[in-house]
Amino acid sequence: MRVSALDILRGMAVALMVMVNCPGSWTHMYDTFRHAKDSGIHVADLVFPMFLWSVGFSMYCQFESSYGRSNNGSKIENFEKPYLKIGMRGVLLIVLGLGLSLFGSGGWDTIRIPGILQRIGLIYFAFLPLLFFYPKWKYLVAVSLGITCLGYLNLHLTQEYRWSFQVLEQEDTWFAMVDRTLIGVDHLWKQTKNYDPEGVLSTLPAFLTSLHGFFYAKYRKHSKTLMWWMGFTLAIATLSSVFFPIRKDDWTLSYASWTAFGICLLYLILEKKPNWFGRTGFSLLGRHALFSFVFLGLVGRIPIFAKGRAFVFTQISSTLDPKLSSFVYSVFIASILWGFVYFWDRFRSQSNPRHDLKT
């Protein structure tokens with residue numbers, strides 16, 4: 001069965017993604033829809049964590065489905081752990097991500113190998129070994145501590161194996177060095193060149209965000225335990241801010257903790273008051289988040305789209321403030337996306353009446 005609040009959360013992430021990635025003009029944007037430079041959190045910096053948090057939540061539901069109940073109520077394995085389902089989902093996401101990177105690019109010689117879908121696919125694979133140990137929570141705690149230590153070393157241990165008492169710039173970190181060595185500069189994000197915000201090792205701390213969603217799903221039916229968990233997350237966020245800058249590109253512990261705490265609060269509201277948002281169309285976008293992402297990725301890479309955007313933005317900005325015009329254009333694109341998703345949902349409903357059981 002689907003979780004309505006989770007669909008709404010994913011739908012909000014899709015809508016916010018449109019605000020961030022499809023402005024009328026990159027020059028005229030409200031700062032909150034730009035990613036924070038160097039350190040800090042803007043609304044734009046919540047998009048990717050919302051998707052990863054949702055992955056962890058969904059993963060818990062799949063993990064729980066792999067356990068049955070004995071006559072005395074204790075958990076027993078039913079030997080139907082969804083290794084293949086999770087693995088195939090990870091492969092699909094990586095293939096789609098590479099396909100989007102290749103579409104409209106100069107070919108394999110310059111294709112960007114890391115990416116958003118690729119990172120989510122890798123996180124699916126990261127859950128596979130944890131599925132073997134589940135529900136032994138001490139392994140999840142050990143993994144979290146190991147990732148935290150790695151993230152701290154990344155910020156202070158130079159590529160010459162010398163300790164730096166100041167926080168390193170992104171291109172000087174281990175994560176950046178690994179990206180340049182394993183992937184190559186030609187296959188990194190062109191805007192950063194020397195490192196990739198969705199690089200190899202930075203995917204590990206991003207996995208912490210999914211673990212937050214995983215733990216929230218586990219405790220969501222136990223109010224007292226959930227409040228303790230959220231309080232612990234807030235304490236970690238506050239304490240980690242002393243040692244870790246709030247930096248998205250390296251997915252530092254402070255960034256992961258603050259965003260996870262904010263998403264937990266938002267989800268708590270959605271869970272308690274789903275009718276506040278359920279009728280706004282977010283749920284529909286959330287049920288087809290992957291379709292929405294791929295659709296936007298394909299359309300955005302078509303050259304004629306850039307010309308159409310310039311024309312529409314010019315018409316809107318003739319009567320409105322440039323920043324407001326850019327925002328209105330994003331809302332216009334979100335409306336078009338919702339229309340395509342609506343017809344896609346109708347098509348899926350007619351061709352497969354049980355499609356709503358699958359995310």
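The figures that follow rest on heavy atoms only: side chains count, while hydrogens, waters and symmetry mates do not.
Note on R348 versus D345: no salt bridge recorded, every NZ/NE/NH1/NH2 to OD/OE distance being 4.0 Å or above.
Note on residues 192-214: pairs passing salt bridge (charged side-chain N to carboxylate O under 4.0 Å, His left out), not counting sequence neighbours, are R112-D196, R112-E198, E198-K248.
Nearest approach of D186 to D109, heavy atoms of both residues: CB-O, 3.9 Å. Contact record, A15 with F282: CB-CE2, 3.7 Å, taken as the closest heavy-atom pair. Here the shortest heavy-atom pairing between D45 and A36 reads OD2-N, 3.2 Å. When all heavy atoms of S54 and R10 are compared, the closest pair comes out as OG-CG, 3.5 Å. The two residues L285 and G11 make their nearest non-hydrogen contact at CB-CA, 3.9 Å. When all heavy atoms of A334 and V18 are compared, the closest pair comes out as N-CG1, 3.8 Å.
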Test ring-ring contact (aromatic ring centres under 6.0 Å, His included) applied to Y216 and W53, step by step:
CA-CA 9 Å; Y216 186 100; W53 193 93; 5.2 Å; yes
Test side chain to side chain contact (heavy atoms under 4.5 Å, CB included) on H212 and I263; report intermediate values, then the result.
CA-CA 10 Å; H212 276 285; I263 296 169; over 6 Å; no
Kindly indicate, with the supporting measurements, whether the criterion side chain to side chain contact (heavy atoms under 4.5 Å, CB included) is fulfilled by V167 and R247.
CA-CA 11 Å; V167 176; R247 202 156 78 182; 3.7 Å; yes
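Between the side chain of H187 and the main chain of I111, a donor-acceptor pair closer than 3.5 Å is present.
How far CD1 of I116 is from CG of L52: 9.5 Å, rounded to the nearest 0.5 Å. For the atom pair CG of L253 and CZ of F243, the computed distance is 11.0 Å after rounding to the nearest 0.5 Å. Between Q166 atom CD and L155 atom CG the span is 13.0 Å, to the nearest 0.5 Å. In this structure, the separation between CD1 on I336 and CG on L296 is 10.5 Å, given to the nearest 0.5 Å. Taken to the nearest 0.5 Å, the CD atom of Q118 stands 9.0 Å off from the CG atom of L93. Once rounded to the nearest 0.5 Å, the distance linking CG of L102 with CH2 of W108 reads 5.0 Å.
For the residue pair W258 and S241, a side-chain donor N or O sits within less than 3.5 Å of a side-chain acceptor on the partner.
No option in W338, W344, F340 other than W338 meets the ring-ring contact (aromatic ring centres under 6.0 Å, His included) test with Y342.
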Side-chain polar contacts of residues 321-333 - donor-acceptor pairs under 3.5 angstrom, sequence neighbours left out - could you list them?
from: D321; atom 1: OD2; to: K323; atom 2: N; distance (Å): 3.0
from: D321; atom 1: OD2; to: L324; atom 2: N; distance (Å): 3.4
from: S325; atom 1: OG; to: L320; atom 2: O; distance (Å): 3.4
from: S325; atom 1: OG; to: D321; atom 2: O; distance (Å): 2.8
from: S326; atom 1: OG; to: G24; atom 2: N; distance (Å): 3.0
from: S326; atom 1: OG; to: S25; atom 2: N; distance (Å): 3.3
from: S326; atom 1: OG; to: S25; atom 2: O; distance (Å): 3.4
from: S326; atom 1: OG; to: H28; atom 2: O; distance (Å): 2.9
from: S330; atom 1: OG; to: C22; atom 2: O; distance (Å): 2.8
from: S330; atom 1: OG; to: S326; atom 2: O; distance (Å): 3.2

Would you mind writing out the side-chain donor-acceptor pairs for residues 171-181 within the sub-3.5 Å range, not counting sequence neighbours?
from: T173; atom 1: OG1; to: Q170; atom 2: O; distance (Å): 2.8
from: T173; atom 1: OG1; to: A176; atom 2: N; distance (Å): 3.4
from: W174; atom 1: NE1; to: T158; atom 2: O; distance (Å): 3.2
from: D179; atom 1: OD1; to: V200; atom 2: N; distance (Å): 2.9
from: R180; atom 1: NH1; to: E171; atom 2: O; distance (Å): 3.1
from: R180; atom 1: NH1; to: N194; atom 2: O; distance (Å): 2.6
from: R180; atom 1: NH2; to: Q159; atom 2: OE1; distance (Å): 3.4
from: R180; atom 1: NH2; to: E171; atom 2: O; distance (Å): 3.3
from: T181; atom 1: OG1; to: M177; atom 2: O; distance (Å): 2.8

Under 3.5 Å, which donor-acceptor pairs do the side chains of residues 220-234 form with other protein atoms, sequence neighbours left out?
from: R220; atom 1: NH1; to: A217; atom 2: O; distance (Å): 2.7
from: T233; atom 1: OG1; to: W229; atom 2: O; distance (Å): 3.0

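Inter-residue side-chain proximity for F244 and T148 is flagged as met; some heavy-atom pair is nearer than 4.5 Å. Side-chain contact between Y255 and T209: absent, with no pair of heavy atoms (C-beta onward) separated by less than 4.5 Å. Between F48 and R119, some side-chain heavy-atom pair lies under the 4.5 Å cut-off.
Among residues two or more places apart in sequence or in another chain, the side-chain contact (heavy atoms from CB on, under 4.5 Å) test is passed with V143 by L130, I147, F207. Every residue was checked against the side chain to side chain donor-acceptor pair (under 3.5 Å) condition with Y267, not counting sequence neighbours, and none meets it.
Tracing side-chain contacts under 4.5 Å through hydrophobic residues (I, L, V, M, F, W, Y), one reaches V341 starting from L16; they form part of the same cluster. A single hydrophobic cluster is seen to contain both Y152 and V242, as judged by linkage of ILVMFWY side chains at heavy-atom distances under 4.5 Å, directly or through other members.
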